[in-house]
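Beneath this line is the structure, given in structure tokens, with notes to follow.
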Number of protein chains: 2
Amino acid sequence: MRLIRLALGQFNPTVGDIGGNTDKMLEFISQAREEQADIIAFPELAITGYPPEDLLFKKQFLLDSKKHLQRIVKESGNTTVVVGAPEFIEGEPFHLGATNYPDQLNGRIYNSAVVASNGQIVNIYRKIFLPNYGVFDEQRYFSRGTECPIFSINEVNIGVNICEDIWYEKGPTSVQRANGAELIVNINASPFHLGRGAERYSMLSQRARSNKIFVSYINAVGGQDELVFDGQSIILDPEGKIIARSPQFQESLLLADINADQAKPFHEIHNQSFANPKHYFIASGNRKETKKLKPSVAEELEPYEEAFQALVLGTRDYVKKSGFNKAVIGLSGGLDSALTTVIAVEALGSSNVTAFFMPSQYTSDQSLNDSKKLSANLGIRMVTLPIEPIFNTYIESLASEFQGTEIGTTEENLQARIRGNLLMAASNKFNWIVLTTGNKSEMATGYATLYGDMAGGFAVIKDVSKTLVKNISIHLNEASNDEMIPYSIINRAPTAELRPDQKDEDSLPPYDELDLIISAYVEEDKSIEDMASQGMAKDSIDLTVNLVDKSEYKRRQSPPGVKITKRNFGRDRRLPIANRYKQVPPW
Amino acid sequence: MRLIRLALGQFNPTVGDIGGNTDKMLEFISQAREEQADIIAFPELAITGYPPEDLLFKKQFLLDSKKHLQRIVKESGNTTVVVGAPEFIEGEPFHLGATNYPDQLNGRIYNSAVVASNGQIVNIYRKIFLPNYGVFDEQRYFSRGTECPIFSINEVNIGVNICEDIWYEKGPTSVQRANGAELIVNINASPFHLGRGAERYSMLSQRARSNKIFVSYINAVGGQDELVFDGQSIILDPEGKIIARSPQFQESLLLADINADQAKPFHEIHNQSFANPKHYFIASGNRKETKKLKPSVAEELEPYEEAFQALVLGTRDYVKKSGFNKAVIGLSGGLDSALTTVIAVEALGSSNVTAFFMPSQYTSDQSLNDSKKLSANLGIRMVTLPIEPIFNTYIESLASEFQGTEIGTTEENLQARIRGNLLMAASNKFNWIVLTTGNKSEMATGYATLYGDMAGGFAVIKDVSKTLVKNISIHLNEASNDEMIPYSIINRAPTAELRPDQKDEDSLPPYDELDLIISAYVEEDKSIEDMASQGMAKDSIDLTVNLVDKSEYKRRQSPPGVKITKRNFGRDRRLPIANRYKQVPPW
């Protein structure tokens with residue numbers, strides 16, 4: 001029986017904290033060694049965190065990364081280590097011809113998986129498929145690898161490849177299989193969106209089954225700006241079945257024993273003998289005795305819980321990795337700010353969250369009472385700051401300039417901006433980060449005030465539609481068997497309370513209808529005919545598309561927030577601001 | 001004598017205005033035909049404007065582009081037309097494997113140059129080198145072309161290629177030369193930065209000389225979000241000398257007669273015969289008689305004037321293409337807001353610019369008098385709105401929450417934010433765009449208030465260092481033989497006037513020193529050792545690098561502004577916000 005004990009080090013790196021990330025990996029290595037692992041794998045670019053973006057153009061950053069990598073190599077011992085790191089080859093030009101890169105970066109960068117054993121780098125795999133779509137810009141930074149080596153430990157043949165590489169059926173995995181690989185170690189920094197786990201599982205299972213090999217998938221965990229990496233590392237047998245799975249949204253060391261005899265020899269499935277196997281090194285592993293292992297298979301989360309936990313981790317990591325500990329939120333009495341506050345409390349702890357309730361003359365008693373109730377439920381301090389006196393002095397100051405004009409959006413926005421200023425004043429004074437409360441439906445339609453309710457460091461639910469805000473809120477109440485978010489908030493008709501008797505639905509289509517159109521138009525680029533043919537109302541389509549198109553300038557100045565859908569407002573969707581494109585409605 | 005009359009249609013497209021761009025090109029075609037041009041070339045992606053960004057993922061956008069292209073093809077007649085357009089080939093998958101693109105975009109997109117003659121598309125060149133660095137993301141959108149065809153008109157052999165393609169010495173130009181090309185028509189959307197014209201000329205001249213052929217370079221003109229295209233289209237003879245050049249920053253039809261006999265046959269320079277020439281079509285041109293032509297060679301602009309005109313065009317086009325006609329600016333009495341106002345007046349006209357002067361208790365009489373003088377010089381209306389009453393109500397409202405704290409940055413920011421609110425109120429009320437006044441030195445160091453002086457639609461001078469602000473201002477006064485910007489503003493020590501006797505140099509290194517460090521660190525990614533070895537002071541380096549690194553969150557929420565340097569804050573420089581990277585100073 002050719003056995004190998006595989007460990008996957010699912011950890012939470014911080015972008016740029018090369019020393020800290022290395023320290024964490026050294027801890028995981030030492031733990032894996034105690035567990036007699038023969039090999040441990042870490043995520044893609046684990047040394048630098050993902051995505052390092054233009055930090056990669058700083059030569060010193062690349063040199064620092066190399067230096068800390070050596071610390072891991074030195075500790076590799078008889079537990080082979082696979083670690084993602086940028087690899088800088090000085091001398092070869094990064095781009096041929098015209099570039100505007102700094103002269104001192106005279107070299108090529110690869111997105112590499114370094115394989116180290118007994119204190120030596122024994123092999124380096126360079127990522128071949130460099131994603132340059134959606135949130136990814138890898139062709140901005142990296143040169144493409146060309147080789148698909150394999151190596152052996154305990155006579156088990158292993159192929160390492162990186163993230164995108166495994167999504168191609170005829171890509172590196174099948175080449176490595178043809179070279180004799182029985183186990184694939186695929187290292188990732190794969191951002192979360194709802195439903196992503198199922199997409200990954202379906203592909204990985206297919207790869208395992210069609211190649212009759214073991215497939216392991218190690219993912220990073222943690223938030224980085226608008227991205228959240230959900231972990232959920234996984235090991236599959238040659239029938240595509242799950243041997244082991246890490247939990248989502250937390251660090252974990254996943255362990256499993258692989259019996260390579262279960263992988264079918266290449267010639268049995270391909271009806272031909274090994275195609276020129278390239279073994280890059282042969283090492284013996286870490287086994288002294290056979291301490292029996294029962295691999296853990298973490299439960300899958302139910303979708304609303306998964307969305308909630310993604311938001312919590314994304315928020316916690318953005319706040320902490322940016323150097324904050326405490327947050328302040330403008331509580332309005334509506335559901336968006338309520339859910340944002342719940343997420344913040346879960347992420348940072350109730351003693352680290354302050355709510356500002358900032359009533360105007362249009363604020364109802366219900367808003368006040370519901371906000372008090374929510375704050376009490378969550379155990380947070382709520383400060384009440386009426387905005388009317390400030391609002392009145394603005395109106396007086398502008399009176400002569402605005403003479404003869406009608407009261408309207410200007411005055412509504414002013415109220416929102418006063419609130420934004422009060423929150424920012426608290427932020428400046430006490431070093432609290434302001435968390436904004438706008439949802440995706442509002443971000444899409446521009447139903448939000450720039451420098452007003454959009455003012456802050458992180459927009460917690462900016463990728464969560466109003467419909468999903470409601471569903472997550474109900475889920476949380478039900479899961480806690482408690483009315484954490486008062487149902488009077490959940491069931492109330494949405495209102496900005498910026499003028500008498502205002503309701504969101506005076507200006508926007510009903511949210512259930514609106515959210516379907518936003519999803520079709522923003523996330524799937526559907527044409528207006530496509531949407532109409534799916535039964536969406538023509539006047540709602542026209543109104544929504546028009547609002548989405550003309551709000552690009554607002555979104556460009558909004559703070560980042562956690563991506564949880566297939567396409568968020570941010571890196572995923574890059575539209576010009578000055579843009580005259582309008583699809584002519586066919587009706 | 002094999003003669004061909006070449007026209008270059010340097011025009012100002014608007015992104016997304018496919019119909020309008022087409023109309024403009026039809027006018028240029030008709031004008032070129034009157035001038036007996038045999039061929040007219042338009043810029044890269046002239047149909048859609050450049051860069052169309054994710055509009056390219058909307059299938060309807062691609063179909064609309066194709067539809068309007070047909071209008072140009074139909075009008076091509078005996079003046080051959082070369083026009084940049086996206087080309088969508090349905091069926092072939094855009095990306096293999098994992099993608100999150102909408103299902104309906106099942107196809108490949110090319111960045112193409114369509115060649116049309118006598119109402120037919122006779123050839124299509126597909127861009128081969130797709131820039132994916134700096135401000136460019138072309139590998140996000142386009143598949144790569146593979147062929148380098150040539151065609152003939154009046155027995156003159158012509159090769160068309162696109163922008164980046166010509167920057168590669170052994171790229172398409174040399175292949176087309178080997179296939180017999182005597183004239184290269186290179187179509188561009190090449191963004192401006194200071195010194196870019198010389199870089200282009202040096203490369204183009206080299207291409208012409210080493211291949212012994214005519215080289216023509218047609219560039220777009222106009223502003224698009226943060227980019228400005230400066231035109232400066234050019235035609236060079238086989239000795240690399242300029243035959244004709246269009247002016248910068250304005251539309252123009254450039255004409256020149258090319259005597260192809262002056263191009264050296266390929267075998268004379270390469271000592272071998274034509275390598276498999278591929279003539280894609282043969283057409284006769286447009287000559288009826290020989291109306292003699294004297295090609296125009298526009299004067300080059302002097303650098304400060306060039307910077308000024310780039311800022312004017314970039315501002316005008318952003319404002320107008322976004323649907324505004326009028327602007328409002330907060331005038332402080334300092335040089336940044338003075339220059340911004342001068343640019344706005346030049347871009348939009350004095351009747352379309354309003355200045356808000358918003359004094360606080362810290363505002364000096366000099367600031368008031370200088371602002372009045374500047375407004376009078378420029379013929380604009382200045383409105384005075386004191387902010388003290390509003391400031392006081394904020395302070396009262398926050399008194400209990402802020403009890404026991406010291407007055408500091410919070411209160412300074414509050415003043416800036418009140419001003420931001422007043423400007424935004426005017427913007428909302430009268431549909432004026434707010435132009436912000438921060439320079440690059442401030443954007444770099446975060447010496448600006450988010451939602452305060454950073455609040456607005458367009459940040460006119462955000463890529464202009466304080467040093468350059470001063471130099472441009474002096475240039476403008478000297479060029480106009482007049483004290484347009486009062487020298488009392490130019491010569492005054494910079495101050496934010498947010499506390500008593502405040503000077504910028506209390507918080508920042510002197511600007512001449514600061515700007516050198518910013519240029520080295522931000523624009524060239526120099527390490528701190530490199531900067532120190534160039535003689536910059538160590539404590540200034542430490543302070544500046546620290547300020548630049550920690551201000552990323554502010555820049556991310558700032559409005560766009562005109563790029564005029566090699567690397568701007570925006571598309572050119574993409575850094576994580578949550579980022580713990582710090583180069584350890586070696587001292």
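A, B, ... follow the sequence lines: proteins, then strands. Residue 1 opens every chain.
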Proximity breakdown for [X] and chain B, heavy-atom pairs closer than 4.5 Å:
X        : result
A/Arg200 : neither
A/Leu450 : neither
A/Thr14  : side chain
A/Ile18  : side chain
A/Met424 : both
A/Phe391 : neither
A/Pro131 : neither
A/Ile407 : backbone

Check: Does the side chain of A/Arg571 reach to within under 4.5 Å of the side chain of B/Arg574, using non-hydrogen atoms?
Finding: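 SC-SC contact between A/Arg571 and B/Arg574 ruled out.
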For [X], is it the side chain, the backbone, both, or neither that has a heavy atom closer than 4.5 Å to a heavy atom of chain A?
X        : result
B/Lys320 : backbone
B/Ile418 : both
B/Arg555 : neither

If every non-hydrogen atom of [X] is compared with every non-hydrogen atom of [Y], which pair is closest and at what distance?
X        : Y        : value
A/Tyr581 : A/Asp549 : O-OD2, 4.2 Å
B/Ala425 : A/Thr410 : O-CG2, 3.3 Å
B/Met454 : B/Ser558 : CE-CB, 3.4 Å

Out of [options], return the one with the most heavy atom pairs under 4.5 angstrom to chain B.
options                     : answer
A/Lys58, A/Glu401, A/Lys550 : A/Glu401
A/Tyr451, A/Phe61, A/Tyr318 : A/Tyr451
A/Thr409, A/Leu385, A/Leu55 : A/Leu55

Using a cut-off of under 4.5 Å for heavy-atom pairs, which of [options] has the most such pairs with chain A?
options                               : result
B/Ile390, B/Val383, B/Asn392, B/Val15 : B/Ile390
B/Pro389, B/Ser322, B/Ala455          : B/Ala455
B/Arg556, B/Glu169, B/Arg573          : B/Arg573
B/Ser397, B/Gly19, B/Gly408, B/Gly171 : B/Ser397
B/Ala426, B/Pro386, B/Ala578          : B/Ala578
B/Val584, B/Asp17, B/Leu56            : B/Asp17

Check: Which of parallel (below 30°), tilted (30 to 60°) and perpendicular (above 60°) describes B/Phe430 and A/Phe402?
Finding: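 Judged by the thresholds at 30° and 60°, the geometry between B/Phe430 and A/Phe402 is perpendicular.
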Next item on the list: Run the numbers on B/Asp54 and B/Tyr141 for side chain to side chain contact (heavy atoms under 4.5 Å, CB included), then give the verdict.
Entry: CA-CA 8 Å; B/Asp54 284 8; B/Tyr141 306 106; 2.7 Å; yes
Note to self: Please determine whether side chain to side chain contact (heavy atoms under 4.5 Å, CB included) holds for the pair B/Thr449 and B/Gln415, giving the CA-CA distance in whole Å, both sets of side-chain angles, and the decisive distance to 0.1 Å.
What the structure shows: CA-CA 9 Å; B/Thr449 301; B/Gln415 296 167 62; over 6 Å; no
Check: Testing A/Glu226, A/Lys566, A/Lys563 for side-chain contact (heavy atoms from CB on, under 4.5 Å) with A/Asp572, which one passes?
Finding: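 The option that passes is A/Lys563.
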Item checked: Residues that B/Asn421 engages under side-chain contact (heavy atoms from CB on, under 4.5 Å), provided they are two or more places apart ->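 Expected list: A/Tyr394, A/Leu414, A/Arg417, A/Asn421, B/Tyr394.
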Margin query: To the nearest 0.5 Å, what is the distance between CG on B/Leu575 and CD on B/Glu552?
Written below: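 Atom-to-atom, B/Leu575:CG and B/Glu552:CD are 5.0 Å apart.
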Margin query: If we count only N and O atoms by modelled type, under 3.5 Å, do the side chains of A/Gln60 and A/Asp64 hold a donor and an acceptor together?
Written below: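 A donor-acceptor contact under 3.5 Å links the two side chains.
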Next item on the list: State whether a side-chain donor-acceptor pair under 3.5 Å links A/Tyr133 with A/Glu164.
Entry: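 Note: A/Tyr133 and A/Glu164 side chains meet the donor-acceptor criterion.
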